[in-house]
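Please read the structure below before turning to the comments.
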Amino acid sequence: MDLMPFIIDGLLIGFVYGIAAMGLTLIWGVMNVINLSHGPIIALGMFGVYFAFVNLGVHPYIGVLLMGVLGLILGMVIYVIAIHRVINAPHLSTLLATFAVNMIIIGLGTTAFSTSPRNVDFSLGSLEVGSINVQGTRLVAALVAILVTGGLYYFLYRTTLGKYVRAVTNNREAAELMGIPSAQILALSFGLGTMLAGIAGGLIATFFPFTILSGGTYELKSFVIGVLGGVGNPLGALIGGIILGTFEGVVPYYISTSWVPVLEFALFVIILLIRPRGLFGVKK
Amino acid sequence: MKPLLKLLTLVVCAAFLFGAFGTAVAQKERTVVIGFTASQTGKYNVESTRQINGLNLWLEQVNEAGGITLSDGTVLKFDTVFYDDESSTDRVQELYTRLVTEDEADFLISPYSSGLTDASAIIAEQYGKVMITAGAASDSTYQKGFTLVYQTYTPASRYLTGAIDLLASLHDSATKIAIVHENDKFSTDVANALNEYAESLGYEIVLFEGYDSGTADFAPFINKIQDAAPDAIMGGGHFQDGSTFARQLFEKGVDAKFVALLVAPPEPSFAELGEAALGIVGPSQWEPLALLDEAAAEAAGLPFYGPSSQEFTEAYQAAYDEEPSYHAAGGYLAGLLLQKAIEDADSIDTEKIAEALDNIDMMTFFGQIKFDTSEDSHGLQIGHTMMYVQWQGSADDLEKAIVFPPEAATAETLYQGE
């Protein structure tokens, strides 16, 4: 059996996992908040692209861009309303706050869209090289993931705002003493995290069917990737995503596909035990 | 003269009283409550909605026709009570218990799908309510000793075996089959029966693997299929995963001569897949194209009951502005079977209805209906048989044709073999 198609499919989906995880790990790293509303925001990204495409005829990739912008705004709004007041409280408070947001989005989404599956009827055909056949939408999703990672790196390391974000990540009090408006930077960071979730959701919608509950799967994977790639490390998240995607692609080559989640979470536990800061995480 | 006048007055009064009483008897009306759950949300939404549409059509028709009049003059009218089960087994038992105890449902119709029905059938049996199952093909539901659960569909064990017969009838050199199926109860039952039957006919099963319900990424399975290079791919599960599977098979350019998937292909909305739907075969419990009427019943030597398939199709199209799928027909049939049983039993008493259902052997617009009355598989459908449809034409103009069995076929099978 040829292993290459398994690797390529897994690798490509891994890029999208990476983007989704990047959003989660950014928020986690900057503000020490585990964002449990990450999954539903991914699902909102899926629905956004779907409705823009079906009702307004907007090209899905323009839709993905829109979801990025809307995700940024939504995240900042969520931060101001639900997170800001509890940001300095114990971890459990922020966990519960984001869990409440998660439940609100799922509740509203179920009422508005039901849990019936939707499908963006869009195809870019496929690229065939030897025995490998790659769906065009997956290939584009991987390219978008690389661009977004590059863009995020540029923002974090080449712009003043990005430097502020990193400063707040390293030491919020010191950053405040230097005159950095930490509340605004935290809101922006949360917005960046949800922007990435929206983009990931939009990309996933171009090749998989989804419901308002679909984001949960990617949220769980994001936790595994976050641990794998290291908290607060965007490139680590992308590489972690690629590793997880490839792992998911390759496991079925050897054994039944049903084993994938078992091995995936076994990997999660093993990394937590032997290298809790992740493969690419920095020792704090 | 006076005694005569008294007698006349007495007779007139008696006649008036009797008449009034008699009218009261003739006008006694009873509303029969039919309880069920519908998957208004969740993955069974498409199939369940059609099933309920079918049932509601029957209900409207029977009520509009004045209901059912029993020999004691009672007129039975029908009403429904239902809840959204969210396509979740967890909700079903609680909701069916509520339907029986709080809503006082007289009869129950199953939810859509074998998994959900399995859970609800236990409640029907516990509370002594007759349940007609629509959209629940798994054999094992009827092999648990239930006595009040009756199946409308051809059981899962015979769902895809006909696809093997169809493949064999194409006189081809096809020998290798890949079976990829959903890991739920119904699809696993179908796949196991298919596997056994295919092997008994000498086919080689080159891949046999299940996928979790809700799977969206079929790439690992398709890679395995491509590597096993089968002549035919069979399996699937329900609408959502089945149509996603078909779409990804097409996008990955899988080169199989014959693809037969469960549940999804007969649904009219499967055509939205465009080119990916072309050539896909699916087992169907019923198709509007197949004419089943009194003449068909006569040819089969069976009594006919209810509307003809053409009448049902026209009524459904008029009511819902869409072509009925077999799920819609199954819902209608569930109501029709209750109607027939009530008429035969001349009562709504559970025992008498069960006896009437046990004795049914008739032709309907849906095909032959007869239930197994043995202790081992009571209620299992043994009269009805499947037909196989295939999407033909071009990507822009897809048409569903019946390709098997030959006596019902409306077109030749599109086949990529030699």
Side-chain angles (χ1 to χ4, degrees), chain A residues 1-13 16-17 46 109-111 113-119 121-128 131-138 204-205 207-214 216-218 245 248-261, chain B residues 39-49 84-88 180 182-183 206-229 238-255 264 269 271-276 395:
Chain A
M1 193 156 48
D2 190 358
L3 182 61
M4 205 39 110
F6 290 82
I7 295 175
I8 299 290
D9 278 324
L11 189 77
L12 291 179
I13 198 75
V16 182
Y17 290 169
M46 297 170 173
T110 307
T111 310
F113 316 131
S114 82
T115 49
S116 303
R118 312 285 171 121
N119 189 19
D121 190 14
F122 171 74
S123 173
L124 288 175
S126 54
L127 186 73
E128 211 167 325
S131 65
I132 301 160
N133 184 300
V134 181
Q135 279 168 263
T137 44
R138 291 194 190 204
I204 293 164
F207 43 81
F208 290 157
F210 54 89
T211 72
I212 189 69
L213 306 173
S214 295
T217 313
Y218 302 99
E248 278 186 7
V250 170
V251 168
Y253 176 82
Y254 298 100
I255 48 173
S256 167
T257 317
S258 311
W259 282 95
V260 169
Chain B
S39 301
Q40 290 178 305
T41 53
K43 65 177 187 150
Y44 299 137
N45 176 256
V46 174
E47 301 96 325
S48 176
T49 304
D84 179 14
D85 57 38
E86 297 162 24
S87 307
S88 159
V180 175
E182 190 185 346
N183 258 338
V206 290
L207 178 68
F208 187 85
E209 199 167 326
Y211 57 82
D212 292 339
S213 300
T215 294
D217 185 6
F218 286 90
F221 300 96
I222 295 173
N223 287 332
K224 282 187 181 183
I225 288 172
Q226 280 181 313
D227 196 73
H238 290 86
F239 183 80
Q240 188 53 43
D241 50 288
S243 45
T244 306
F245 188 23
R247 180 180 164 184
Q248 291 181 15
L249 278 172
F250 173 74
E251 285 176 342
K252 295 270 277 174
V254 174
D255 187 26
S269 47
E272 287 168 15
L273 290 180
E275 215 177 332

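Just so we're clear, the structure is a prediction, and the values are computed from it rather than from any experiment. Reminder, nothing fancy here: chain letters follow the sequence lines and each chain counts from 1.
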* Asked: Do you know which two heavy atoms are closest between A:F122 and B:R247, and how far apart they sit?
  -> O-NH2, 3.0 Å
* What pair of heavy atoms forms the shortest contact from A:N133 to B:G253, and how long is it? -> ND2-N, 4.0 Å
* Kindly say whether B:K252 contributes a backbone atom to a donor-acceptor pair with the side chain of A:S126 at under 3.5 angstrom? => no
* Structure fact -> Whatever's closer than 4.5 Å to a heavy atom in chain A on B:E251 counts as both
* Asked: Excluding sequence neighbours, so at least two apart, what forms side chain to side chain donor-acceptor pair (under 3.5 Å) with A:T257?
  -> B:E209
* **Part of B:Q40 within contact of chain A (heavy atom distance under 4.5 Å)** => backbone
* Structure fact -> Max heavy-atom pairs within cutoff under 4.5 Å with chain A, candidates B:S39, B:G214, B:G42, goes to B:G42
* **Taking every non-hydrogen atom, the tightest pair across B:G210 and A:S258** => O-OG, 4.2 Å
* To do: State, with a plain yes or no, whether a side-chain heavy atom of A:P5 is found less than 4.5 Å away from one of B:Q226.
  => no
* **Heavy-atom side-chain proximity of A:E248 to B:D217 below 4.5 angstrom** => no
* **Derivation of the side chain to side chain contact (heavy atoms under 4.5 Å, CB included) call for A:F208 and B:Q248** => CA-CA 9 Å; A:F208 290 157; B:Q248 291 181 15; 3.8 Å; yes
* Asked: Checking A:T211 against chain B: side chain, backbone, both or neither under 4.5 Å from a heavy atom?
  -> neither
* Asked: Who among A:D121, A:V251, A:N119, A:I132 has the most heavy-atom pairs with chain B under 4.5 Å?
  -> A:N119
* Would you mind checking which part of B:Y211 comes under 4.5 Å of any heavy atom in chain A, side chain (CB onward), backbone (N, CA, C, O), both or neither? => neither
* Between atom OG of A:S256 and atom CZ of B:F221, what is the distance when rounded to the nearest 0.5 Å? -> 7.0 Å
* Asked: Where does B:N183 contact chain A at under 4.5 Å (heavy atoms): side chain, backbone, both or neither?
  -> side chain
* Return yes if some donor-acceptor pair links the side-chain N/O of A:D2 with the main-chain N/O of B:D227 below 3.5 Å, else return no. => no
* Structure fact -> Okay, A:F207 and chain B: the region with an atom under 4.5 Å from a heavy atom over there is backbone
